[in-house]
Amino acid sequence: MQKSRFQKLIFAAAAILGIVLLNACSPNRTILEQVLDSGELHILTRNAATTYYAGPHGPAGMEYDLAKAFADSLGVKLVINTSDNLKEILNKVHSGEAQIAAAGLTVTEERKKVVRFTPPYQQISQQVVYRRDGTKPESVADLKSGSLEVIANSSHVELLKQLKKQYPDIKWEENNSAGSAALLTLVAEQLIDYTIADSNEIALNRRYYPQLGVAFDLSDSQSLAWAMQPGDDDSLYKKAVSFFNKIKENGELARIVKRNYGHMNRYDYAGTPTYLKHVQFRLPRYQGLFEAAANKHGLDWRLLAAIAYQESHWNPRAVSPTGVRGMMMLTSATARDLGIEKRTDPKQSVEGGTLYFTQLLELYKDIPEPDRTWIALAAYNVGHGHVSDVQKITARLGGNPNKWTDIKENLPLLRQRKWYKTTKYGYARGHEPVIYVENIRSYYDILRWHIERETPRYAPQSILVYASPVL
C-alpha cells in the first residue's frame, strides 16, 4: 500500500516536472498568436462622435468602423474598452494592457517616445474655437486675453508648450475630466472663452452649437493613427500596417471617411438654431406619435422624427408645390395604398409614413446597416425605381450598389441624359435625395445629442462585437 502511494507520488511529480519543462522550452506566443488563439482583439478608444458611440443601428464612429474591419480581417471578435483619459490610454498601450489604442490620437514626437504608431488614416489640424458673438482672437498672442481650457495630456497641450516659448504670456487650464465635446459646450455656454480641438471634432460638433466659430488654425496638417506597444514583438503591428495599406489601396478607407464625415459637407449650420427651437417647442406635441409608431415597427423614434422634420418641419398642414401633404409628406397615391384617409392628420400621417418607410426597409433587407437605412431614405424621397436604376449604374461603374457612399456619388447622374436614357425609370433630380439623406442624418444626430444631454446615459465601458465570418 505504502509503495503504491509512493509510486503514485513519483509519477505525479514527474508529470508536473514534465509540464514545467515543456512550458519552459516552448517559445512565448506572439501578440498576434494571443489574439488569434483567444479569438478576441482588444481595442481601447474614447467615447466620442469621432471615435466610438452607440448609433441608431448599434456601435458606430470612425474608429469603430476601422477596428471592426481590422477584427474582421483577422477573423476574431472585437472587444472595445473606453477611457476618456489620454494619459491612461497611452500608458495602457505602453504597458501592453491594451493591444491597440484606436482613439483619434494625433501623432506627435512626444508620444512616439511612449508608443509606436501605425500608418496614418486621417489628416486634421488643431483649431482655436471661440463664440462668434464674442471677441475673435486673430493670433496666438490674442489668447492671453481670455480663458483657454484644453484636454489634459493632449496634443493640444504639447503644441501650447512649444508656442509658449515664443508667446510667454499665454496661459491655459488643463481639464482632466472633459473631452472635446464638453469643452466646446463650455465655450458655447460662455463658461470659457476659447478651447482647442481637432478639425474633425469641430466639424461634427458645430451642428449642435452653430454659435461656435473657428478663429484660426493653430497647427499645420497632422496625422491621426493607431497607437501600439513598442518592442521586439511586431507581429500584430505588421498586420495592422498591412491592413491600413490594403484599405488605402482598395478605397475602403476613403469610404469609411465618407460614411462618417461626408454628410457634414452639405449641412447648413445656420439652420440649427431654428431646428433646436422646434425641438424645444414643436416636437413635444408630436413626440408621442413618433414613439408609438417606432415601437410598433421596431424603429428608432428619433429617426422618424428626423424624417418628419426634413419633410415638413413638423408642420402637419404642410403642402408642397407637387401636392404631397402632411407631417410625412405623403402623395395621394401612397396614402391611398396605405389606407390613410386624411394626410393632414398628424397621427395618420406619422403612421402612414412609418409604414411606408418600413416597406422600403424590407426591400433592402439584405443590405447591412446603416447603408440599408440610408438607401431606404433615398427611396422615400426619390422613389425605389430611381434608386434601383442608380444601383445598376453604380455596379456598372465598378462601385458597390449596396453602399450608400457609392450610391450617393452616382445619384446626380440621373440628371444627365447620357445616363438616365439607359435606365428604366429615366430622369430624376438625383442631387435632391443626397441632400435629403444627409440632412436627416444630421437632424437625427442633433436630436439624439439634445435628448442625451437632457437625460445623460453612459455607454458601457466594454462591449463585445462579433466579427463577420471569414470567407
Side-chain angles (χ1 to χ4, degrees), residues 49-50 53 55-57 60-62 64-65 122 199-210 251 253-276 278-279 299-300 302-314 320 324 328-329 353 357 360-361 364 367-384 386-387 389-391 393-394 399-415 428-450:
T50 56
Y53 63 94
H57 314 294
M62 175 83 174
Y64 167 77
D65 287 347
Q122 195 172 7
S199 54
N200 60 331
E201 294 182 320
I202 295 170
L204 289 178
N205 284 287
R206 271 191 64 200
R207 294 174 295 171
Y208 315 138
Y209 297 114
L253 177 58
R255 284 190 286 271
I256 290 174
V257 172
K258 283 185 179 180
R259 183 159 68 238
N260 285 277
Y261 294 97
H263 60 298
M264 296 286 40
N265 298 331
R266 301 177 184 272
Y267 182 68
D268 178 15
Y269 294 99
T272 299
T274 301
Y275 177 53
L276 289 174
H278 286 159
V279 167
L299 300 173
D300 186 332
R302 298 167 300 183
L303 180 61
L304 296 180
I307 297 171
Y309 188 81
Q310 172 64 25
E311 290 287 356
S312 67
H313 283 204
W314 299 321
S320 82
V324 294
M328 301 293 277
M329 283 294 187
F357 180 57
L360 291 171
L361 282 171
Y364 304 107
I367 298 177
E369 292 288 7
D371 296 282
R372 177 191 182 194
T373 291
W374 309 144
I375 296 171
L377 284 174
Y380 192 104
N381 174 259
V382 77
H384 168 64
H386 289 305
V387 170
D389 285 344
V390 173
Q391 286 181 301
I393 290 174
T394 299
N400 187 333
N402 293 332
K403 287 286 187 183
W404 169 243
T405 51
D406 289 4
I407 289 174
K408 77 174 185 178
E409 291 292 324
N410 296 316
L411 269 164
L413 296 179
L414 293 181
R415 301 170 66 186
R429 296 192 296 269
H431 65 290
E432 291 184 1
V434 175
I435 297 171
Y436 178 87
V437 174
E438 308 297 66
N439 282 350
I440 289 174
R441 291 181 64 178
S442 284
Y443 291 144
Y444 171 83
D445 286 345
I446 294 170
L447 182 57
R448 188 194 67 214
W449 162 83
H450 176 81

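All values below come from the heavy atoms of this structure, side chains included, with hydrogens, waters and symmetry mates left out. Along the sequence shown, residues are numbered consecutively beginning with 1.
- Although no hydrogens or angles enter the test, the distance criterion places no donor-acceptor pair under 3.5 Å between the side chain of D406 and the main chain of P401.
- The CZ atom of R441 sits 13.0 Å away from the CD1 atom of I446 when rounded to the nearest 0.5 Å.
- By the 4.5 Å heavy-atom criterion applied to side chains, T50 and L204 are counted as neighbours.
- Taking the side chain as every heavy atom from C-beta outward, V437 and I375 never approach each other to under 4.5 Å.
- Considering only heavy atoms from C-beta on, V382 stays 4.5 Å or farther from E432 through its side chain.
- Every residue two or more places apart in sequence or in another chain that forms a ring-ring contact (aromatic ring centres under 6.0 Å, His included) with Y309 is listed here: Y275, H278, H313, W314, Y443.
- Scored by the side-chain contact (heavy atoms from CB on, under 4.5 Å) test, A376 finds F357, L360, L361, Y364 as partners (sequence neighbours excluded).
- From H431, atom NE2 reaches atom CG of L414 across 11.5 Å, with rounding to the nearest 0.5 Å.
- Note: N381 CG to H386 NE2 = 10.5 Å, rounded to the nearest 0.5 Å.
- Tested against D65 for a salt bridge (Lys or Arg N to Asp or Glu O under 4.0 Å), the candidates R259, R255, K258 yield a single pass: R259.
- Residues passing the side chain to side chain donor-acceptor pair (under 3.5 Å) test with R372, sequence neighbours excluded: none.
- The side chain to side chain donor-acceptor pair (under 3.5 Å) test applied to N402 returns no partner, not counting sequence neighbours.
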Next on the checklist: Quick one, W404 with E438, criterion side-chain contact (heavy atoms from CB on, under 4.5 Å). Give me CA distance, side-chain angles, the key distance, then yes/no.
Outcome noted: CA-CA 11 Å; W404 169 243; E438 308 297 66; 3.4 Å; yes

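- Considering only heavy atoms from C-beta on, Y380 stays 4.5 Å or farther from M329 through its side chain.
- Separation of atoms NZ (K408) and CD1 (I435) is listed at 11.5 Å; rounding is to 0.5 Å.
- Annotation for V387 and A378: closest pair CG2-C, 4.0 Å, computed over non-hydrogen atoms.
- In terms of the ring-ring contact (aromatic ring centres under 6.0 Å, His included) criterion, Y436 has no residue partners (sequence neighbours excluded).
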Checklist entry - Between T405 and I256, does a side-chain contact (heavy atoms from CB on, under 4.5 Å) hold up when you go through it step by step? => result CA-CA 9 Å; T405 51; I256 290 174; over 6 Å; no

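- One finds the CG atom of L447 at 9.5 Å from the CG atom of L276 (value rounded to the nearest 0.5 Å).
- Scanning all heavy atoms of the two residues, the minimum distance from M328 to A308 falls at SD-CB, 3.5 Å.
- Residues passing the side chain to side chain donor-acceptor pair (under 3.5 Å) test with N410, sequence neighbours excluded: T394.
- Within the 4.5 Å cutoff, no side-chain heavy atoms of L413 are placed close to those of V390.
- Annotation: side chain of Y261 is in contact with side chain of Q122 (closest heavy-atom distance under 4.5 Å).
- In this structure, CD1 on I307 lies 8.5 Å from OG1 on T373, to the nearest 0.5 angstrom.
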